[in-house]
Amino acid sequence: MRRTMLYLPGNNPNMLVRGHLFGPDGLVLDLEDAVSVSEKDSARVLVREMLRQGEFGSCEVTVRINGVDTEYWRDDLAAVVPAGVSGIRVPKVEGPETIRILDEELSGVESKAGIPVGQTKIFCLLETALGIWNAYDVAKASPRVAAIIPGGEDLTADLRTNRSPEGTELEWARRMLVFAARAAGVDALDTVFPRITDDEGLRREVGFIKQLGYDGKSVIHPNQIPIIHEVFTPTEGEIEKAKKVVAAAKDAAERGLGAVSVDGRMVDAPVVKRAQYTLTRAGLSEEVQGHGC
Ligand SMILES: CC(=O)SCCNC(=O)CCNC(=O)[C@H](O)C(C)(C)COP(=O)(O)OP(=O)(O)OC[C@H]1O[C@@H](n2cnc3c(N)ncnc32)[C@H](O)[C@@H]1OP(=O)(O)O
Ligand SMILES: O=C([O-])CC(=O)C(=O)O
Ligand SMILES: [Mg+2]
C-alpha cells in the first residue's frame with residue numbers, strides 16, 4: 001500500500017533517522033526542494049550513508065533526486081541507487097523523453113552496481129501544466145514507472161494561481177492524473193497538504209482524493225499520517241458489506257448466475273471488483289482469494 005509517503009529533508013539527520021517510526025507506508029528522502037543549493041553535496045552524502053546503514057522498518061524507501069535539467073541528478077542516482085532504494089521520485093517531469101533518459105541512466109548505474117537492471121522504480125512528479133497534459137505518455141514511458149503524482153505547490157505556481165482551502169485550482173489536474181494512472185496501470189498518489197496544523201482541512205482533502213480514486217498521498221508532517229490512514233482504511237461496516245458481496249458472488253457463480261441481489265442492491269462483476277478492493281485495502285486479501293475470486 002502507498003497511502004502515505006513521508007518526505008524527509010535530505011539535510012536533516014534527525015528526520016532521516018526517525019521518519020519510519022511514525023509508521024508511514026513509504027519514505028521520500030529528499031535531495032530536491034527541501035535542500036538548499038549550498039547543501040546539495042552534503043545532503044547527498046548523508047542520504048547515501050542513511051541508505052547504507054539506516055533502519056527504515058517496513059517502509060518503501062525512495063529518494064527524490066534533483067530534476068534532469070540540473071547539474072545534480074546523475075550524481076544523485078550514482079550515490080543512492082547502489083546504496084539501496086526501491087525507487088526514485090523525479091521532480092518536474094514534463095514528457096516521456098525525461099523518463100527514457102532516466103531509464104537509460106538507471107540501467108547503467110544498476111548494471112555497474114550488480115543490481116538487476118530494471119529493478120529501480122520511478123515515481124513521476126508532474127508539476128507543470130505540460131507535465132499534467134502528458135500524464136499518460138509519461139506513465140507509459142517505461143515499465144519502471146510505479147506512480148504519477150501531481151506536485152500541487154509547483155503546479156499552482158506554473159498555473160499562476162495559489163492553493164485555496166477548497167483546492168478548486170487543482171481539481172482538473174487531479175482528475176486528469178487519476179485517469180492517466182488508471183489507463184496506464186500505475187498508482188495515482190496525491191500531492192502534499194501544506195497546512196500542517198489544519199487537520200480538518202486535511203481530512204476533507206483526503207476524503208476528496210480517495211473518492212476520485214487515488215491510492216495515497218505525499219506527506220510532509222508525521223501528524224498527517226494517522227489522519228490519512230484513517231480515511232483510507234475501510235470501516236467495519238464497509239468490510240462486512242464487502243465480505244457479503246464476495247460471498248454472494250461466489251454462491252451465484254456456483255449456481256451459474258451472473259447478477260444477484262444483496263440487501264436490495266444489484267451485485268454483478270464490477271460490484272464484486274470494488275468489494276475485493278475494499279478487502280485488499282483492509283489487509284484482507286486472503287478473504288478475496290479464499291472466496292475464489
Ligand atoms: C513542496 C515540496 O516539495 S514538499 C517536500 C519537501 N519538503 C519537505 O520535505 C518538508 C518536510 N517537513 C518538514 O521539514 C517539517 O515538517 C516542517 C518544516 C514543515 C515543520 O517542521 P517543524 O516546525 O519542526 O514541525 P514540528 O515542530 O511540528 O515537528 C514536530 C516533530 O516532528 C518532526 N518532524 C516534522 N516533520 C517531519 C518529517 N517530515 N519527517 C520526520 N520528522 C518530522 C520534527 O523534527 C519534530 O521532532 P522533534 O520533536 O524531535 O523536534
Ligand atoms: O506534492 C509534492 O510531492 C511536493 C511538491 O514537489 C510540490 O507540491 O511541488
Ligand atoms: Mg515541487
Side-chain angles (χ1 to χ4, degrees), residues 2-37 39-40 43 46-47 50 54-57 59 61-70 73 76 87-94 98 122-132 135 138 146-164 167 169-170 173-174 177-178 181 187-199 202 205-206 209 214-228:
R2 297 190 175 121
R3 297 166 302 178
T4 45
M5 302 202 79
L6 176 65
Y7 274 111
L8 308 174
N11 56 354
N12 188 319
N14 177 40
M15 293 190 192
L16 287 169
V17 167
R18 297 192 329 143
H20 73 283
L21 299 174
F22 300 105
D25 291 333
L27 296 169
V28 188
L29 285 60
D30 190 20
L31 296 174
E32 201 223 9
D33 283 352
V35 176
S36 65
V37 168
E39 288 190 292
K40 291 291 182 195
L46 181 59
V47 164
M50 271 304 298
E55 171 55 46
F56 299 107
C59 292
V61 179
T62 62
V63 172
R64 181 164 73 169
I65 60 167
N66 290 283
V68 298
D69 58 342
T70 69
W73 73 279
D76 293 345
I88 296 294
R89 184 176 285 223
V90 197
K92 302 177 180 75
V93 177
E94 296 204 304
T98 300
I122 302 178
F123 295 75
C124 309
L125 264 174
L126 310 178
E127 318 188 69
T128 59
L130 185 57
I132 295 291
V138 168
I148 51 176
I149 311 149
E153 297 296 301
D154 276 297
L155 182 57
T156 45
D158 193 50
L159 295 175
R160 300 186 195 163
T161 178
N162 48 48
R163 288 192 71 174
S164 66
E169 63 290 337
L170 288 182
R174 280 179 161 138
L177 191 138
V178 79
D187 278 358
L189 305 178
D190 192 39
T191 184
V192 299
F193 185 77
R195 296 188 302 279
I196 56 178
T197 54
D198 179 7
D199 291 355
L202 172 65
E205 180 162 290
V206 181
I209 59 114
Y214 276 79
D215 299 287
K217 191 165 175 65
S218 308
V219 179
I220 47 169
H221 193 286
N223 291 353
Q224 298 181 323
I225 294 168
I227 296 173
I228 301 171

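For ligands, and for the atoms within them, numbers begin at 1 and follow the listed sequence.
At the top of the distance list for atom 4 (C) of ligand 2, counting protein heavy atoms only, stands Tyr7 OH, 3.7 Å. The shortest contact between atom 8 (O) of ligand 2 and any protein heavy atom is with Glu153 N, 2.8 Å.
For Arg3 and Asp25, the salt-bridge test passes: some basic side-chain N is under 4.0 Å from an acidic carboxylate O. Ion pairing between a basic and an acidic side chain is recognised when a charged N comes within 4.0 Å of a carboxylate O; Arg174 and Glu205 show such pairing. Ion pairing between Asp154 and Lys92 holds under the 4.0 Å rule for side-chain N and carboxylate O.
When every heavy atom of Tyr214 is checked against every heavy atom of Asp190, the shortest pair comes out as CD2-N, 3.5 Å. Of all non-hydrogen atoms in Val35 and Leu31, the two that sit nearest each other are CB-O, 3.9 Å. Nearest heavy-atom pair, Ser164 versus Glu169, reported as atom, atom and distance to 0.1 Å: OG-OE1, 2.8 Å. Heavy atoms only, all atoms of each residue included: Pro150 and Ile132 are closest at CB-CD1, 4.4 Å. Listed here is the closest heavy atom pair of Phe193 and Ile220: O-CD1, 3.7 Å. Scanning all heavy atoms of the two residues, the minimum distance from Phe123 to Ile149 falls at CB-CD1, 4.0 Å.
Contact of the Arg89 side chain with the Ser218 side chain is registered, since non-hydrogen atoms from C-beta on lie closer than 4.5 Å.
Around the Mg ion (ligand 3), the protein atoms of type N, O or S found under 2.8 Å away are Glu127 OE1, Asp154 OD2, listed by chain and number.
A side-chain donor-acceptor contact under 3.5 Å links Asp30 to the backbone of Ala34. With hydrogens and angles ignored, the 3.5 Å screen pairs no side-chain donor or acceptor of Lys217 with any backbone N or O of Leu189. Listed for the Asp158 side chain is a donor-acceptor partner under 3.5 Å among the backbone atoms of Ala129.
The heavy atom nearest to atom 1 (O) of ligand 2, out of those in Asp158, Leu170, Thr128, Thr191, is found in Thr191. Nearest-residue assignment for atom 9 (O) of ligand 2 (options Lys92, Glu127, Met5, Lys217; heavy-atom criterion): Glu127.
The distance from ligand 2 to the heavy atoms of Gly152 drops below 4.0 Å at these ligand atoms: 7 (C), 8 (O).
Contacts with ligand 2 closer than 4.0 Å are made by no heavy atom of Leu155, backbone or side chain.
Ligand 2 lies nowhere less than 4.0 angstrom from a heavy atom belonging to Ile149. Heavy-atom separations between Asp33 and ligand 2 are all 4.0 Å or longer. Heavy-atom distances between Arg89 and ligand 2 reach below 4.0 Å in at least one pair.
Using a 4.0 Å heavy-atom criterion, the residues that approach ligand 1 are Leu6, Tyr7, Leu8, Pro9, Asn14, Met15, Arg18, Phe22, Asp30, Ala34, Arg64, Glu153, Ile196, Ile220, His221, Pro222.
Between atom CD1 of residue Ile88 and atom CD1 of residue Ile65 there is a gap of 5.5 Å, rounded to the nearest 0.5 Å.
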